[in-house]
Amino acid sequence: MTLDVAWALDWVRRSAATVTEHRDELVELDRLIGDGDHGENLARGFAAVVGRLEALPEQPAQVGDVLRLVATTLMSTVGGAAGPLYGTAYLRASKATATSALDSDGVVAMLEAALDGVVTRGRAGAGEKTMVDAWTPAVAAAVEAADHGAPPSEVLAAAARAAHDGAEATVPLVATKGRASYLGERSVGHLDPGARSSELLLVAAAEAAAAAD
Amino acid sequence: MTLDVAWALDWVRRSAATVTEHRDELVELDRLIGDGDHGENLARGFAAVVGRLEALPEQPAQVGDVLRLVATTLMSTVGGAAGPLYGTAYLRASKATATSALDSDGVVAMLEAALDGVVTRGRAGAGEKTMVDAWTPAVAAAVEAADHGAPPSEVLAAAARAAHDGAEATVPLVATKGRASYLGERSVGHLDPGARSSELLLVAAAEAAAAAD
Amino acid sequence: MKKLINDPQDVVVESVEGFGLAHADLVQVHRDPLFVARVAGTVPGKVGLVSGGGSGHEPLHAGFVGVGMLDAAVPGAMFTSPTPDQVAPAIAAADGGAGVLTIVKNYTGDVLNFETAAELAEADGVTVRTVLVDDDVAVEDSLYTAGRRGVAGTVAVEKIAGAAAERGDDLDAVAAVAERVVTNVRSMGVALTACTVPHAGRPSFDLPEDEIEVGIGIHGEPGRRRVPMAPADEVTEMLLAPVVEDLGLSGGEQVLLLVNGMGGTPASELYVVYRRARALLAERGVEVTRSLVGNYVTSLEMQGASVTVLRLDDELTALWDAPVHTAALRW
Amino acid sequence: MKKLINDPQDVVVESVEGFGLAHADLVQVHRDPLFVARVAGTVPGKVGLVSGGGSGHEPLHAGFVGVGMLDAAVPGAMFTSPTPDQVAPAIAAADGGAGVLTIVKNYTGDVLNFETAAELAEADGVTVRTVLVDDDVAVEDSLYTAGRRGVAGTVAVEKIAGAAAERGDDLDAVAAVAERVVTNVRSMGVALTACTVPHAGRPSFDLPEDEIEVGIGIHGEPGRRRVPMAPADEVTEMLLAPVVEDLGLSGGEQVLLLVNGMGGTPASELYVVYRRARALLAERGVEVTRSLVGNYVTSLEMQGASVTVLRLDDELTALWDAPVHTAALRW
Ligand SMILES: Nc1ncnc2c1ncn2[C@@H]1O[C@H](COP(=O)(O)OP(=O)(O)O)[C@@H](O)[C@H]1O
Ligand SMILES: Nc1ncnc2c1ncn2[C@@H]1O[C@H](COP(=O)(O)OP(=O)(O)O)[C@@H](O)[C@H]1O
Ligand SMILES: [Mg+2]
Ligand SMILES: [Mg+2]
Ligand SMILES: [Mg+2]
Ligand SMILES: [Mg+2]
């Protein structure tokens, strides 16, 4: 069982749907410890991605082609911190997926590359109350699942579950990166919006994979 | 029975007390159909009057001296519409009271002069929803009381009662002078702040006279 | 009520003091009575220009004291016209021997106090002329009102009359050009929120979250009518249409377009209104040749805006373009 | 939420269009991607100056495009930094062959997007240097934050670097003087009310009627601490004291004092704050030789203010005084 370009396209569409559906929730999370635009930024970005996908003359050949289009579109339409961070994540992921289909190891490589992109751009480590706190456990869970021989859909499902736990775990943290860090101790008690959106995107990936099974 | 300089001084002090006590009410009336400063303007003005009275080296000789001091002080500290209107009213009244004591005819002359001052400055007739609507019936009632041989204190009491009724009667009127006129029909249903403050000043005069009896 | 003030009684004096400190190169502040004059003093032979009114409309009027505009400005208490004993000395200070023009917004209080002040100044030998500004089309000029109010068009009157005085026009000529501006300028405003006068301590009117007041003045008075909140493009049309109609503007004419903020409106919104007003004027064939966008005649922290149109001719345009150096207007 | 806007999605573009129409003598607006440049285009041989950031801080940055200040400004979505594909063409447009200095407020989003844009522009052969503005003393510059934020001090950086570029300094020299301003400028702000981002539709934080947020940024973020409402003189001290301390100002030094409104504060209140700040500096023996009071770096309609102090020397003073002709700053 592998995940092909159709899966990647489905993932993108589900991503657009979920960030639109959760737009207000993400805005509200960001309002509480940031500047209230995260949901708006991602909804705008993924709407643009879907628009460009639909304008493509033919279906891309490789998973990486889809992810590259996501990367460049987010980079040029999202702005803020999330634009370059997700842009770089998808760009790195696209380089790791220059293939027509991903097996479980391919999925792990994709997720590792994405996390690597976020960290390279944002220079945040785990525990700083950022999206890194969703991606780090997601990657670890994916590695473990793949090591146990799980198929790609289960690898993604494990990653999504771990991302959820990772996002929830940001609540008690003091932010030390990004806009929430300006609040100091007052950032405690709130979920990081970028961690939450990361979870949503990984859930979308897992759901697309489950639908492809 | 006549009203002397001590009465005039008492009237001024009671005036200051009553506009201060009713400051917020006058502000609120003016907020509804004007710009919300009438109570503040009069409180400021009469506080200044009392201050200047207390700074006088000796008690003035004539009722008119007291009223002239009120006139010039209001003129120079109140501003807005009420400053020149009350200023002129007291100035005219002071000219009509160049004497050490007022009998009932003197009181009537004083009130007529005051009304004359307001009308000369403001060019408003009765029924335009201004302080004129308090002063006009007040003067009429004073004339009638004096004609019936009432003593000064009763002349003033009649004037104050009529001013009250006149002020209340402004509620259903459409304002056609002053700031409330900008509201057109929307000025209906509200008491004119200047009519109310006129009533308060005449009540103070009557109370000072009753206390002097 | 939350405001960056100390005792509400002191806000006007403290604010004018701060203004004087910040703009000591332009103005001097006179205390007892309070008024603001050019730092360089009177200009011999030049017609003096004095304006004033209640405070709370900043930068009007003190922000327009300086070369090419006012000689003196007289701030009253919040939303309360100044008293004659403030205005008369300001008139005297502005007199360079050629007489003084007072520019008075048409409110009963302002008219009465400036009238008395002019009498006092004339008794002291100063020739005084007065121009009443009444550009607000929201108020019908009829037997049933105190006449139209003076609002944001006042800036144009002060700028253009100031330029005429500066180039050496005599008192009659300065008064005539000021009157010509008054004849050719119209405004209309809208409020999204009320403002709070410091001494009142509560908003000047109560406005539900989904309604706006159309036809407001600049004193936190309620407007002529309350309408449901609408997109900026529609609101702009509500403001501009009566202005254009009252002016009787026709295609081919040139105008100055002023979009004025009431004090609490972000600049971005004023430019959205300006954009639409431009389009509406273009549709009518009217050419906008001069523009001004910003907070010029305000109502404390009120959210809202007004649209002002001044019909231009070559002379008014040249006088508008003439150099001006004040705290709030400079070119 | 009541705003003079149409579709919240369109407010930035419509506002910038209106700005371009109102100031067609100064700027040209580029669409797709959106940026604002000087109407006269690049100046050959002059170092180009580009800044930008989220919208909602007007007049920053587009209001500072013009002779003596910026060559181009890049507006992002509301409170959201612009994207690299907007910034890179603005850098290219500003390059007169002498390289470009980008002035970036220190926010993660702005830093990352301008960083990427600079890489793109350099790939196209433009030499790019960047200065990060981080004047906000409310945020401790430590391992535990993203560093101090850039707030109202940005105006001073843009004005002074703009003057250096205009007089012909090379890229290293312009960058050096900009850095020198950054080193010597500090700010601190307070909010009395939150602001409402159009697409969010509700206030950026909830603040009781008797409390204020001290140490706010310019994006409607909550501040560092919430304190009971206090008189303006006390609030001014809360803002000024940490600024003076962080700068290490001592008696005899000369400074520029900027009292900046957050967008919804009446000018009268800003001057009350200015008056007190002057007094507090005088008590410390610090001389205020240059001043600026008004809305320069705003947070939409937020009520509040910030106090900025820039330590001056002869060169910085001369560069501050150099002529500037932009929509929002002109002398
Ligand atoms: N340095 C960083 N490294 C990783 N993630 C970051 C960093 N800074 C911010 N983020 C993430 O970005 C999210 C905010 O994104 P967004 O609101 O779109 O941008 P902005 O903060 O510019 O408004 C935060 O919730 C956080 O997860
Ligand atoms: N033309 C006028 N003639 C008589 N009274 C007037 C006239 N215009 C206004 N007033 C009175 O003045 C009152 C308002 O006074 P005040 O609020 O102090 O002044 P302002 O209207 O300038 O704020 C009104 O309530 C009205 O009674
Ligand atoms: Mg955000
Ligand atoms: Mg009033
Ligand atoms: Mg008033
Ligand atoms: Mg943002």
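Within every chain, numbering begins at 1; the chains are lettered A, B, ... in the order of the sequence lines, protein sequences first and strands thereafter. Note that this is a predicted model, so its numbers are computed, not measured.
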Interchain contact, Val235(D) with chain C, by part (heavy-atom threshold 4.5 Å): side chain

Interface moiety of Val273(C) toward chain D, non-hydrogen atoms closer than 4.5 Å: side chain

Under 4.5 Å from any heavy atom of chain C - which part of Asp7(D): neither

Which portion of Arg278(C) sits near chain D, non-hydrogen atoms under 4.5 angstrom: side chain

Side chain Lys2(D), main chain Glu211(C), donor-acceptor under 3.5 Å: yes

Interchain contact, Ala305(C) with chain D, by part (heavy-atom threshold 4.5 Å): both

Backbone N/O of Asn6(C) and side chain of Asp233(D): donor-acceptor pair under 3.5 Å: no

Engaged part of Pro75(C) at the chain D interface, taking heavy atoms whose separation is under 4.5 Å: neither

Heavy-atom closest pair, residues Ala267(D) and Glu58(C): CB-CB, 3.9 Å

Spatial distance of atom CH2 (Trp331(C)) from atom NE2 (His325(D)) [nearest 0.5 Å]: 10.0 Å

Intermediate values then yes/no, ring pair (Phe, Tyr, Trp, His ring centres under 6.0 Å), His23(D) and Tyr274(C): CA-CA 11 Å; His23(D) 305 289; Tyr274(C) 176 86; 7.9 Å; no

Backbone N/O of Leu4(D) and side chain of Glu269(C): donor-acceptor pair under 3.5 Å: yes

Met262(C), part contacting chain D, at a heavy-atom distance under 4.5 Å: neither

Segment of Leu207(C) engaging chain D (4.5 angstrom heavy-atom cut-off): both

Spacing of CZ belonging to Arg276(D) relative to CG belonging to Leu21(C), to within rounding of 0.5 Å: 13.0 Å

Toward chain D, the part of Glu209(C) with a non-hydrogen atom under 4.5 Å: both

Asp10(C) versus chain D, the contacting section by heavy-atom distance below 4.5 Å: neither

Gap between atom OG of Ser268(C) and atom NZ of Lys3(D) - 0.5 Å precision: 7.5 Å

Ser291(C) versus Ala22(D), closest heavy-atom pair with distance: CB-O, 4.0 Å

Atom pair CE/CG of Met1(C) and Asp210(D) - distance to nearest 0.5 Å: 12.5 Å

